[in-house]
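All heavy atoms count here, side chains included; hydrogens, waters and symmetry mates do not. Index from 1, following the sequence.
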Amino acid sequence: MPPSQAISIASSSSSSFVVASPPSPPPPPHHPPLASPPATPPTTTPSFSSVGPDAVATKDLHPDPLSSLHLRLFLPNPQQSAAPVATAANPPLRRNSFPQPNDGVPATGLELSRRASASFNGVSSSAASCYGGYLPTARSGRRLPVIVQFHGGAFVTGAADSASNDAFCRRVARLCDAIVVAVGYRLAPESRYPAAFEDGVTVLKWIAKQANLAACGRTMARGADSGGADSFGAAMVEPWLAAHADPSRCVLLGVSCGANIANYVAQKAVEARKLLDPIKVVAQVLMYPFFMGSSPTQSELKLANSYFYDKSMCLLAWKLFLPEGEFNLDHPAANPLMPGNGPPLKLMPPTLTVVAELDWMKDRAIAYSEELRKVNVDAPVLEYKDAVHEFATLDVLLKTPQAQACAEDIAIWVKKYISLRGHEFSY
């Protein structure tokens with residue numbers, strides 16, 4: 001019988017059965033108590049280094065609660081100096097979050113609302129937060145240009161927050177030193193043309209509205225300091241854009257079918273003119289556009305069975321995207337070279353076109369760029385050798401030399417139009 005289950009008889013005046021307890025284990029060796037770590041002061045400045053190795057913070061937004069339109073904002077460190085390395089005194093921050101209070105005052109239990117989070121005179125010290133990310137203040141740093149990015153996926157797949165699109169947008173935000181607004185537009189076949197194109201225009205109008213509300217709020221906040229009105233529109237303003245975005249330096253960037261959307265949005269911006277103030281589209285980047293037409297080009301005949309997107313798959317995507325009964329490869333959404341498609345080409349913004357050597361759609365993209373150059377629009381073409389469609393944005397290819405070189409080349413060209421110091425960059 002095991003000792004722990006042994007039964008012994010006690011020898012006393014009143015005999016009874018007693019269950020013997022198991023032998024106690026020997027006491028553990030004595031160790032001196034560990035010294036508690038020294039108390040660290042609360043973080044006084046937000047950290048971007050813990051967000052990722054690229055020091056880019058992100059936030060997801062749904063500007064319209066009645067729509068599936070989704071945005072992901074990518075904000076590089078807005079401070080002039082490099083982001084500090086995360087330490088024990090600078091704990092990691094969640095990606096979609098606001099920071100601890102900047103004044104070092106302990107939290108008072110008041111949670112910070114995501115929507116009513118903008119204060120045009122800075123963030124109140126009472127807005128103590130259990131939310132660990134970045135919240136701009138009145139002295140949050142410089143203004144950054146805005147890049148509106150449209151992901152690829154043949155109109156039927158893809159997302160603004162997918163792994164590949166997230167990594168690509170982080171790279172662009174870091175290299176261009178700009179706020180990237182990735183647009184999660186509606187997809188086919190549930191939402192056919194023109195749903196995705198209208199979502200692109202809606203986002204541009206939303207950014208303009210944010211800029212106008214922020215400007216109006218700052219003006220009225222100055223009156224509130226002297227007993228005037230309250231901060232107008234503070235509950236509706238996105239704080240990152242209000243504090244850091246410069247909408248007068250807006251660039252459209254489209255990937256694959258997103259390039260079709262970007263070109264359409266650029267056309268609508270040209271037609272709207274001052275109605276989109278203070279938005280000014282200064283340039284657009286079309287990465288291997290999803291252009292097609294009824295007359296096949298040389299690359300379509302030669303590379304119809306190329307990697308990732310062959311011609312048969314793309315035809316199926318267009319059938320799912322265009323309205324039922326209106327399938328036409330010369331549709332304005334598919335073929336920008338058709339006459340009467342949008343405003344005159346001479347009014348279009350500077351356009352950089354990126355194509356891949358092994359992409360069967362490259363010839364039509366090059367032809368569109370040539371038409372822009374004929375009317376004196378700055379429209380260079382970058383063709384990458386031994387590259388396939390989506391070579392610079394597909395997750396498995398992001399670390400290839402072509403993908404890294406492509407992102408750097410885009411940044412060099414874009415900085416010609418978003419730099420405040422003039423065109424000191426040339427390609």
Side-chain angles (χ1 to χ4, degrees), residues 63-64 67 69 71 143-150 176 178-181 183 185 193-219 232-233 236-238 241-242 244-254 258-286 289 291 331-333 335-353 368-369 371-380 413-420 422-423:
D64 184 2
S67 170
L69 179 61
L71 305 178
R143 295 275 175 173
L144 301 175
V146 178
I147 297 178
V148 183
Q149 189 261 359
F150 303 94
C176 295
I179 300 174
V180 175
V181 181
V183 182
Y185 49 85
Y193 175 87
F197 290 69
E198 291 176 343
D199 285 347
V201 177
T202 298
V203 170
L204 208 62
K205 293 180 178 178
W206 178 80
I207 296 174
K209 178 182 177 181
Q210 293 293 313
N212 289 325
L213 281 175
C216 186
R218 284 189 293 267
T219 301
F232 175 80
M236 302 175 61
V237 172
E238 160 48 42
L241 296 181
H244 299 301
D246 182 0
S248 66
R249 295 181 288 157
C250 181
V251 176
L252 305 178
L253 190 154
N260 299 42
I261 301 175
N263 190 65
Y264 175 86
V265 174
Q267 292 174 346
K268 294 302 179 183
V270 169
E271 294 174 352
R273 298 186 181 181
K274 292 186 178 297
L275 294 179
L276 282 176
D277 281 349
I279 286 283
K280 183 179 180 182
V281 177
V282 297
Q284 67 170 341
V285 180
L286 308 181
F291 294 156
H331 191 280
N335 191 353
L337 298 175
M338 294 302 295
N341 184 12
L345 292 181
K346 65 180 181 180
L347 301 178
M348 292 295 288
T351 302
L352 172 66
T353 303
Y368 180 59
S369 180
E371 293 298 320
L372 291 173
R373 289 197 298 273
K374 288 179 182 178
V375 292
N376 297 323
V377 175
D378 182 19
W413 184 83
V414 165
K415 285 180 179 179
K416 291 169 55 179
Y417 299 99
I418 63 176
S419 174
L420 290 176
H423 293 189

Give me the atom names and distance for the closest heavy-atom approach of [X] to [Y].
{"X": "A262", "Y": "Q284", "result": "O-OE1, 3.5 Å"}
{"X": "G200", "Y": "I261", "result": "CA-CG2, 4.4 Å"}
{"X": "A379", "Y": "R373", "result": "O-NH1, 2.7 Å"}
{"X": "Q210", "Y": "E238", "result": "OE1-N, 2.6 Å"}
{"X": "L144", "Y": "A178", "result": "CB-CA, 4.3 Å"}

With side-chain contact (heavy atoms from CB on, under 4.5 Å) as the test, would you mind laying out the steps for L286 and Y368 before giving the verdict? CA-CA 11 Å; L286 308 181; Y368 180 59; 4.0 Å; yes

Would you check if the side chain of [X] reaches a backbone N or O of [Y] as a donor-acceptor pair within less than 3.5 Å?
{"X": "S248", "Y": "K280", "value": "no"}
{"X": "N341", "Y": "N335", "value": "yes"}
{"X": "T351", "Y": "P349", "value": "yes"}
{"X": "R249", "Y": "R143", "value": "yes"}

Which of V181, V146, V265 passes side chain to side chain contact (heavy atoms under 4.5 Å, CB included) with L204? It is V265

With V281, which of L252, V251, V148 fulfils side chain to side chain contact (heavy atoms under 4.5 Å, CB included)?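 Among L252, V251, V148, the one meeting side chain to side chain contact (heavy atoms under 4.5 Å, CB included) with V281 is L252.
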
Distance check, rounded to the nearest 0.5 Å: [X] atom [atom1] versus [Y] atom [atom2]?
{"X": "I147", "Y": "C176", "atom1": "CD1", "atom2": "SG", "result": "4.0 Å"}
{"X": "D246", "Y": "I279", "atom1": "CG", "atom2": "CD1", "result": "9.5 Å"}
{"X": "E198", "Y": "K205", "atom1": "CD", "atom2": "NZ", "result": "9.0 Å"}
{"X": "N260", "Y": "Y193", "atom1": "CG", "atom2": "OH", "result": "11.0 Å"}
{"X": "K268", "Y": "L275", "atom1": "NZ", "atom2": "CG", "result": "12.5 Å"}
{"X": "N263", "Y": "L372", "atom1": "CG", "atom2": "CG", "result": "7.5 Å"}

With side chains defined as the heavy atoms from C-beta onward, is the minimum distance between [X] and [Y] less than 4.5 Å?
{"X": "L337", "Y": "F291", "result": "no"}
{"X": "D199", "Y": "F150", "result": "no"}
{"X": "V414", "Y": "V282", "result": "no"}

V201 vs Y264, test: side-chain contact (heavy atoms from CB on, under 4.5 Å). Steps then yes/no. CA-CA 8 Å; V201 177; Y264 175 86; 3.8 Å; yes

Take W413 and V285, measure what side-chain contact (heavy atoms from CB on, under 4.5 Å) needs, and give me the verdict at the end. CA-CA 9 Å; W413 184 83; V285 180; 4.1 Å; yes

Intermediate values then yes/no, side-chain contact (heavy atoms from CB on, under 4.5 Å), L241 and W206: CA-CA 11 Å; L241 296 181; W206 178 80; 3.5 Å; yes

